[in-house]
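All figures in this text were calculated on a predicted structure; none of them were measured in a lab. Numbers here are sequence positions counted from 1.
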Amino acid sequence: MSTPTVPVYFEQSWAILSSIGLTNVLFGLMVIGITSLSPVSLVPIVVSVAGSVANGLCYYAFYADYPKTGTVVAAGIADMCWLIQEAGLSFYSYLILTRVLKNRSRVIFLCLFWTIMAVLLTLRIFILASRAKDILEGNTSRQITIDHLHVGYFSSIALVECISAFFLLRKFASARRTSIEASSTSGLFSYLMRSTEIRLATLAIIGFSRAITYSFQTTAQSATTPASQLDRFVYTLECMFPVMLFIDILASKLVVSNHIHESSSQSRSRNLNNASSRKQNNGLSSISMYPISHVETRVDAHGGMSSSQERIFQSTVSQAGTHNSNEESQEFQQKDGVITKTVEFDFHDSAA
């Protein structure tokens, strides 16, 4: 009896999905280099690593031909990595909310969030145990139970994202409506609300779609029916979701940088206007031209032209000194509130 042929790794979709996760990790390191290392920027990297490991181990556990002990271990690690990948996406909103929510809203959100996370962990453990028993027994008798557990699992993921989006949108809308500073930076809050709505729509669609499509799964981790192939497509979108988070991080940095630049420009403009107004009120910037009372005209034997002297004083100065120069030069001197400018021109025409 011939042994079944083990499919080539990169001929399977799991290899491609694992490669997508590795690529997302490289994208994440580039984003950190552009922005900075923060918990928010680590979320898409962590979920991408978990997804890459889970998809690679899925091939080991369900497609390759290895001893049962190694297969069970690989399947168990894959299930826990899928938990990190799928539930971890919601921590992007969680990290934002823990910084902006206060008092009662914060307590309510934390209770709801961690309650659903506990439900997700419990459901995933039951899925892991059911799969391990099927692998050890060499059958798929518990596949229907696993499908039903996945329905509750993916529905919980969609629910936790809806809860996070509700608190985020309410907080941003409240800040935009009541804060004087926010009213002048409505573009920033509009962007934050739009990005939250997009994340909500995407993750909620992914969660509810997988809850529906996975209920028609008939084999362990094999896309053999149209419903299971649709589920594989939706899961591919989930693997690509960290790219949306990277875009959101970069766009947020750009929006905030533009806001800071505009605010600093407006602040400098106001400071300059205030300084100009104070100077005008104090008479410090009003400079007038006064004629010189004494003008000396000099004509030599060869015939000549006159020389003149001109002085510029600030209007608030009542007494000004006299500064003479015999050189052809232009000098500026400020002393005791007096700015003196002396210009002397000598012209000589020689007789033919």
Side-chain angles (χ1 to χ4, degrees), residues 1-25 47-89 120-154 156-157 206-207 209-241:
M1 183 177 179
S2 61
T3 58
T5 303
V6 176
V8 179
Y9 177 62
F10 272 98
E11 289 295 329
Q12 303 297 313
S13 61
W14 300 110
I16 307 302
L17 296 174
S18 181
S19 300
I20 290 174
L22 293 176
T23 305
N24 288 340
V25 173
V47 300
S48 296
V49 171
S52 180
V53 173
N55 295 324
L57 290 177
C58 180
Y59 169 83
Y60 184 97
F62 298 99
Y63 290 86
D65 187 13
Y66 291 103
K68 286 187 176 180
T69 301
T71 300
V72 170
V73 172
I77 296 176
D79 273 317
M80 297 312 297
C81 288
W82 274 319
L83 172 65
I84 296 173
Q85 179 195 15
E86 294 161 343
L89 292 173
L120 288 173
L121 178 61
T122 303
L123 291 173
R124 200 77 216 192
I125 290 175
F126 279 117
I127 293 171
L128 186 156
S130 300
R131 278 184 176 156
K133 291 179 181 179
D134 277 356
I135 294 173
L136 292 174
E137 295 175 2
N139 56 46
T140 57
S141 59
R142 298 174 179 82
Q143 186 61 44
I144 296 177
T145 303
I146 293 174
D147 292 346
H148 292 164
L149 291 172
H150 272 96
V151 171
Y153 175 77
F154 291 125
S156 299
I157 291 176
I206 290 174
S209 298
R210 296 208 68 190
I212 296 171
T213 57
Y214 208 94
S215 61
F216 297 99
Q217 189 81 12
T218 58
T219 57
Q221 305 301 335
S222 297
T224 56
T225 63
S228 60
Q229 293 180 45
L230 180 60
D231 178 75
R232 190 66 54 84
F233 169 73
V234 176
Y235 176 65
T236 303
L237 297 180
E238 186 177 351
C239 291
M240 295 296 297
F241 191 79

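Under the 3.5 Å distance criterion, the side-chain polar atoms of S18 are left unmatched by any main-chain donor or acceptor of W14. Remark: side-chain polar atoms of S52 are not paired, donor with acceptor, to backbone N or O of S48 under 3.5 angstrom.
Within a 6.0 Å sphere centred on CD1 of I16, heavy atoms belonging to other residues, nucleotides or ligands number more than 12. Atom OH of Y60 has more than 12 heavy atoms from other residues, nucleotides or ligands within 6.0 Å. Other residues, nucleotides and ligands contribute only 12 or fewer heavy atoms inside 6.0 Å of the CZ atom of F233.
Closest approach of V47 and Q85 over heavy atoms only: O-CG, 3.6 Å. Across all their heavy atoms, I157 and A87 have their closest contact at CD1-N, 4.5 Å. The heavy-atom pair separating G152 from L123 by the smallest distance is C-CD1, 3.6 Å. The minimum heavy-atom distance linking I20 with M240 is given by the pair CG2-SD, 3.5 Å. Counting all heavy atoms, side chain and backbone alike, A61 lies closest to A74 at CB-CB, 4.1 Å. When all heavy atoms are compared, the tightest approach of S130 to L149 is OG-CD1, 4.4 Å.
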Note to self: Applying side chain to side chain contact (heavy atoms under 4.5 Å, CB included) to Y153 and R210, what does each step give before you reach the verdict?
What the structure shows: CA-CA 9 Å; Y153 175 77; R210 296 208 68 190; over 6 Å; no
Notebook entry, point to check: What do the steps show when you test E86 against L120 for side chain to side chain contact (heavy atoms under 4.5 Å, CB included), and what is the final call?
Noted result: CA-CA 10 Å; E86 294 161 343; L120 288 173; over 6 Å; no
Check: Could you walk me through whether R131 and F62 pass the side chain to side chain contact (heavy atoms under 4.5 Å, CB included) check?
Finding: CA-CA 11 Å; R131 278 184 176 156; F62 298 99; 4.1 Å; yes
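With values rounded to the nearest 0.5 angstrom, D231 atom CG is found 11.0 Å from I206 atom CD1. Distance check: D79 CG to C58 SG gives 9.0 Å after rounding to the nearest 0.5 Å. Here the straight-line distance linking atom OH of Y66 with atom OH of Y59 works out to 6.5 Å at 0.5 Å rounding. Here CG of L83 is found 6.0 Å from CG of L121. Values are rounded to the nearest 0.5 Å. We find the CD1-OG1 distance between I127 and T122 to be 11.0 Å, quoted to the nearest 0.5 Å.
For the pair Q143/H148, no side-chain contact is recorded, criterion being any heavy-atom separation below 4.5 Å from C-beta on. At least one side-chain heavy atom of W82 sits less than 4.5 Å from a side-chain heavy atom of Y235. Contact check for N55 versus C239: side-chain heavy atoms found under the 4.5 Å cut-off.
With V72 as the partner, the side-chain contact (heavy atoms from CB on, under 4.5 Å) test is satisfied by one option alone out of L128, I135, D134: I135.
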